[in-house]
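Lettering follows sequence order; numbering is per chain, from 1.
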Protein chains: 2
Amino acid sequence: MRGLRLTRPRRLILEAVRDTDVHPTAAFVYRRVRRRLPRVSLATVYRNLRVLAAEGVLAERADAGGLRFDGNAEPHDHFTCIGCGRIHDVPVRRGRAVRARLAAQTGFEVLNHRTEYFGRCGDCRRQGGRPSPKGQRRS
Amino acid sequence: MRGLRLTRPRRLILEAVRDTDVHPTAAFVYRRVRRRLPRVSLATVYRNLRVLAAEGVLAERADAGGLRFDGNAEPHDHFTCIGCGRIHDVPVRRGRAVRARLAAQTGFEVLNHRTEYFGRCGDCRRQGGRPSPKGQRRS
DNA sequence: GCACTGTTGATAATGATTACTAAAAACGTC
DNA sequence: GACGTTTTTAGTAATCATTATCAACAGTGC
Ligand SMILES: [Mn+2]
Ligand SMILES: [Mn+2]
Ligand SMILES: [Zn+2]
Ligand SMILES: [Zn+2]
């Protein structure tokens with residue numbers, strides 16, 4: 001957070017992302033911020049989400065459905081439920097070893113890696129049946 | 001490939017994806033196919049890329065820069081070079097064990113997973129210096 | 001107050017993808 | 001190989017997400 005002013009719109013945008021665990025889209029954040037700051041502009045939301053991500057205060061991630069933001073800026077992986085579409089945080093696996101192995105095999109300098117899991121969450125398993133693509137709200 | 005006609009546009013689109021290792025975008029495939037079928041429509045390219053991906057003949061993947069297609073439909077992971085932007089195939093790691101562990105920890109039914117690596121490829125390391133975001137062609 | 005700088009809201013512009021539709025191609029049947 | 005039916009295509013319009021532009025505004029220091 002080195003030298004970045006915390007204006008009201010900016011602060012509310014940051015709070016909106018941190019106050020949810022849905023890994024929201026810009027549109028979702030926009031809707032939330034508008035409750036408290038009705039005149040905020042969608043461009044302001046996009047602009048500040050990018051600024052905050054560049055500062056490392058937020059994380060930015062792209063999935064099949066577009067841009068999303070993550071209030072948890074610590075390294076972690078994600079599990080996406082194909083039933084309800086929710087994205088859960090999961091602990092990152094043994095990082096070093098995995099990267100070192102790939103580097104040895106390929107000659108690449110491996111600086112980072114990220115794993116995405118897919119399947120059905122506890123709720124969706126309990127509700128039984130085959131993976132019904134219900135939910136899938138885009139948030 | 002159950003019941004899917006192989007028309008000329010469709011065949012050329014499939015070949016275009018298979019004949020490159022750049023994990024092309026739809027626009028890239030469009031440019032390639034046009035060399036042999038100048039009147040092909042961009043919509044036809046998109047439509048058939050999706051059809052072929054649904055059939056499992058191609059793989060579809062989304063990264064930070066949008067939609068890409070992969071002629072290699074077998075399970076594998078990817079390494080993205082932050083220097084030149086190229087995406088390399090890498091072998092998938094011990095799949096079963098990783099999924100089983102996460103399932104045990106969380107209660108999720110883990111059906112699939114995918115790891116993305118980031119770093120600098122051999123070429124870019126040799127050309128030394130800090131990761132200069134040259135290349136980065138969107139293909 | 002006044003210049004300076006960074007931020008905002010409003011809106012236009014861009015770019016990627018999808019939807020629509022009339023015409024053409026492929027198919028199955030005779 | 002003509003014929004009715006189904007699928008696919010080319011061309012284009014429409015949609016959607018994101019980015020760019022810019023005049024007005026707000027904070028800061030003098
Ligand atoms: Mn997360
Ligand atoms: Mn690949
Ligand atoms: Zn679920
Ligand atoms: Zn490289």
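In this structure, B/R31 atom CZ and C/dA16 atom C1' are separated by 13 Å, rounded to whole Å. Between the C1' atom of C/dA26 and the CG atom of B/L4 lies a distance of 14 Å, rounded to the nearest Å. When the P atom of D/dA17 is taken as reference, atom CG of A/L49 falls 15 Å away, rounded to whole Å. When the C1' atom of C/dT17 is taken as reference, atom CG of B/N48 falls 15 Å away, rounded to whole Å. When rounded to the nearest whole Å, the span between CG of B/L37 and C1' of C/dA24 equals 13 Å. Going from atom CG of B/L12 over to atom C1' of D/dT9 covers 13 Å, rounded to whole Å. Atom pair A/R11:CZ and C/dT8:C1' shows a separation of 15 Å (rounding to whole Å applied). Going from atom CD of B/E60 over to atom P of C/dA16 covers 16 Å, rounded to whole Å.
Using a 4.0 Å cut-off, no side-chain N or O of B/T7 falls inside it from OP1 or OP2 of C/dA26. Side-chain N/O atoms of B/R10 include none lying less than 4.0 angstrom from OP1 or OP2 on D/dT7.
Ring pair A/H23/A/H78 is perpendicular by interplanar angle, where above 60° counts as perpendicular and below 30° as parallel. Ring geometry, A/H113 versus B/Y117: the interplanar angle falls under 30°, so the pair is classed parallel (tilted spans 30 to 60°).
Annotation: of the two residues near DNA chain C, B/R8 and B/A27, the 5′-most nearest-nucleotide partner is B/A27.
Between A/V33 and A/P9, every side-chain heavy-atom pair lies at or beyond the 4.5 Å cut-off.
When each of B/R36, B/R34, B/R32 is paired with B/L12, the side-chain contact (heavy atoms from CB on, under 4.5 Å) condition holds for B/R36 and for no other.
Among the heavy atoms of the strands lying under 4.0 Å from A/T44 is at least one base atom, whether or not backbone atoms are also near.
In this structure, CZ in A/R10 is found 14.0 Å from CD in A/E15, a value given to the nearest 0.5 Å.
When the side chains of ILVMFWY residues are joined at heavy-atom separations under 4.5 Å, either directly or via intervening members, B/L4 and B/V17 end up in a single hydrophobic cluster.
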B/S/- contact track for nucleotides 19-28 of chain D, protein heavy atom under 4.0 Å: BB------S-
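Listed by chain and residue number, A/D123 satisfy the side-chain hydrogen bond (donor to acceptor under 3.5 Å, both in side chains) test with A/R126 (two or more places apart in sequence, or in another chain).
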